[in-house]
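Taking it in order: structure first as structure tokens, then the write-up.
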Number of protein chains: 2
Amino acid sequence: MTSPRTGRSRRGKEALSRERIVGAAIELLDTAGESGLTFRALTERLATGSGAIYWHVANKGELLDAATDAVVAATLTPPVTRDPRDGIRAVALDLFEAIEKHPWLTTQLATQLSRTPWSSVTPRIFEAIGRQVRTLGVPESSWFTTTSALAHYILGAAGQNAANAGATEPGGNRDEFLDSVTDAWEKLDPDEYPFTRAVARQLRGHDDRAQFLAGIDLILAGIATLR
Amino acid sequence: MTSPRTGRSRRGKEALSRERIVGAAIELLDTAGESGLTFRALTERLATGSGAIYWHVANKGELLDAATDAVVAATLTPPVTRDPRDGIRAVALDLFEAIEKHPWLTTQLATQLSRTPWSSVTPRIFEAIGRQVRTLGVPESSWFTTTSALAHYILGAAGQNAANAGATEPGGNRDEFLDSVTDAWEKLDPDEYPFTRAVARQLRGHDDRAQFLAGIDLILAGIATLR
DNA sequence: ACCTGAACACCGTTCAAGT
DNA sequence: ACCTGAACACCGTTCAAGT
């Protein structure tokens with residue numbers, strides 16, 4: 001006659017689970033940023049104690065990994081397209097948008113790639129890009145090089161872009177922000193930074209997405225020479 | 001007749017300075033990793049109080065930025081070569097080796113690039129690569145795209161590589177480590193990860209530096225089509 | 001098996017006080 | 001102007017105790 005032991009409810013509250021914890025972590029990261037994810041904020045949001053979270057998750061690192069993996073897994077759906085080059089562009093844009101929506105992914109993905117043993121997201125990203133590379137007819141000996149180049153460009157450029165988007169003040173618009181970056185770069189020492197100053201002009205009013213895809217096409221052009 | 005006010009010495013100890021603090025921070029990062037850099041460890045090493053450090057440096061973030069900038073500035077010396085493609089390879093290898101020597105640069109550079117306003121290292125890297133891009137005869141409208149693609153690949157691939165190198169256990173050799181990664185990848189689900197499993201074989205016994213440079217050449221091949 | 005919440009060790013930062 | 005070091009607020013993690 002005590003409460004049911006189905007595990008589904010506990011005093012009316014929703015039962016705690018790894019999924020619920022990861023979900024709350026993602027919400028916290030999205031709304032409060034990387035520094036906003038603390039076990040104290042998490043316990044408050046989930047109305048529980050810190051020990052309860054540690055029952056489902058080993059530590060904060062594992063929680064961050066799980067949050068990253070969940071978002072990336074939901075993002076990387078198989079592209080439906082005939083041309084593998086369009087497939088690569090689709091994967092790239094999917095990741096671009098995911099990073100735009102969850103800026104904390106930038107740091108997280110960088111640390112995951114530069115860490116061994118590789119977690120589950122590295123093969124995920126590798127597989128999504130690599131399949132298209134294979135379909136493209138790239139010789140097998142170049143698969144690793146090609147896929148790595150694409151992956152690093154996508155993650156790096158998307159992260160840089162998310163920063164630009166995020167830095168736009170709620171009030172001000174995007175062009176004004178780019179102008180301010182351009183101004184800062186144009187104030188650099190002409191002797192030491194001639195190139196950077198020259199390129200600063202191109203920054204003004206440039207289209208993020210187009211710029212990002214132009215980089216993809218540059219690498220695709222390099223790949224085309226491998227056949 | 002009190003102590004001299006030259007500021008050069010204080011009770012026999014070397015005077016504290018921003019440079020000494022940054023130097024100690026780099027040593028700490030190199031020997032104890034990112035988590036090893038704490039103000040307490042720093043005060044001990046410099047035989048001072050925490051307040052003294054805060055007199056020269058605003059906060060931990062600024063200290064990390066300064067450490068990163070110091071290492072990158074010392075790394076990026078103008079390459080002495082006629083062929084701009086060799087110049088790009090030289091810059092890439094310089095950064096590759098710097099990251100190998102200071103693995104904490106990976107995270108630091110990723111966060112610096114994906115943050116606004118950009119700190120001093122972003123223009124530094126941009127300038128070093130971009131000058132060679134310009135000399136290469138790339139049309140000005142493609143300068144930003146080209147330089148970004150190279151920068152992101154270099155930073156990403158070098159970071160991934162440093163992780164592999166760092167994961168090699170002191171006792172075991174590098175081939176054994178790569179074997180273990182390969183084994184892990186080959187254990188992935190054949191239905192979900194056919195590409196990653198196939199590419200795992202290439203990982204066994206591959207040459208880091210050669211692989212890294214192959215990626216550079218891939219992008220250079222793409223750049224060549226722009227002319 | 002799953003959860004509670006106090007306690008611990010550690011961290012970045014501040015600041016009144018010294019020289 | 002530059003340094004000392006105690007104090008503060010906050011953090012990840014543990015664990016005896018409960019159900």
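Throughout, protein chains are lettered first and strands after them, A, B, ... in sequence-line order, and every chain is numbered starting at 1.
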Distance check, rounded to the nearest 0.5 Å: L63(B) atom CG versus H56(B) atom NE2?
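Rounded to the nearest 0.5 Å, the CG-NE2 separation comes to 12.0 Å.
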
Runs of at least three consecutive pairs that involve DNA chain D, where pairs are Watson-Crick or G-U with distances under 3.5 Å
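Ordered by first number, the stems with DNA chain D (at least 3 consecutive pairs each) read C:4-8 with D:12-16, C:12-16 with D:4-8.
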
Base, sugar-phosphate, or nothing: which does L37(B) touch, judged by heavy atoms less than 4.0 Å apart?
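Sugar-phosphate, backbone atoms only, no base.
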
Are [X] and [Y] ion-paired here, with the side-chain N under 4.0 Å from a carboxylate O?
X	Y	answer
R197(A)	E192(A)	no
K101(B)	D30(B)	no
R201(A)	E186(A)	no

Side-chain donor-acceptor distances from residues 88-95 of chain A under 3.5 Å, at least two apart:
| residue | atom | partner | partner atom | Å |
| --- | --- | --- | --- | --- |
| R89(A) | NE | D217(A) | OD1 | 2.9 |
| R89(A) | NH1 | D86(A) | OD1 | 2.8 |
| R89(A) | NH2 | D217(A) | OD1 | 2.9 |

Give the rounded distance in Å between these two atoms: [atom1] of [X] and [atom2] of [N].
X	N	atom1	atom2	result
L28(A)	dG12(D)	CG	P	11 Å
L16(A)	dA1(C)	CG	C1'	13 Å
Y54(A)	dA17(D)	OH	C1'	19 Å
E44(A)	dG12(D)	CD	C1'	17 Å
R18(B)	dA1(D)	CZ	P	18 Å

Quick one: do W185(A) and Y193(A) satisfy ring-ring contact (aromatic ring centres under 6.0 Å, His included)? Show the steps, please.
CA-CA 9 Å; W185(A) 278 30; Y193(A) 295 96; 8.9 Å; no

Residue E97(A) excluded, over 12 heavy atoms near CD under 6.0 Å:
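Check passes, neighbour count above 12.
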
Would you say H56(A) reaches dC3(C)'s phosphate, i.e. side-chain N/O to OP1/OP2 under 4.0 Å?
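Checking H56(A) against dC3(C): at least one side-chain N or O falls below 4.0 Å of OP1 or OP2.
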
Any W55(B) side-chain nitrogen or oxygen under 4.0 Å from OP1 or OP2 of dC2(D):
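True: W55(B) side-chain N/O within range (under 4.0 Å) of dC2(D) OP1/OP2.
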
Pairs touching residues 54-66 of chain A that satisfy salt bridge (charged side-chain N to carboxylate O under 4.0 Å, His left out), sequence neighbours left out
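Sorted pair list: R18(A)-E62(A), D65(A)-R115(A).
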
Could you list by number each residue of residues 57-69 of chain A showing a heavy-atom separation from DNA chain C of less than 4.0 Å, or answer none if no residue does?
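Here the set is empty: none.
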
Answer yes or no: is there a side-chain heavy-atom contact under 4.5 Å between V22(B) and D69(B)?
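No - every pair of side-chain heavy atoms lies 4.5 Å or more apart.
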
Excluding sequence neighbours, so at least two apart, what forms side-chain hydrogen bond (donor to acceptor under 3.5 Å, both in side chains) with D179(B)?
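Once residues adjacent in sequence are excluded, the partners of D179(B) under the side-chain hydrogen bond (donor to acceptor under 3.5 Å, both in side chains) criterion are R204(B).
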
Check the orientation of W143(A) and F195(B). Use parallel for under 30°, tilted for 30 to 60°, and perpendicular for over 60°.
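Plane angle between 30° and 60°, so tilted.
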
Pull out every protein N or O sitting under 3.5 Å from an N or O of nucleotides 5-7 of chain C, one pair per line with the distance.
| residue | atom | partner | partner atom | Å |
| --- | --- | --- | --- | --- |
| dG5(C) | O6 | G51(A) | N | 3.0 |
| dA6(C) | N6 | S50(A) | OG | 3.3 |

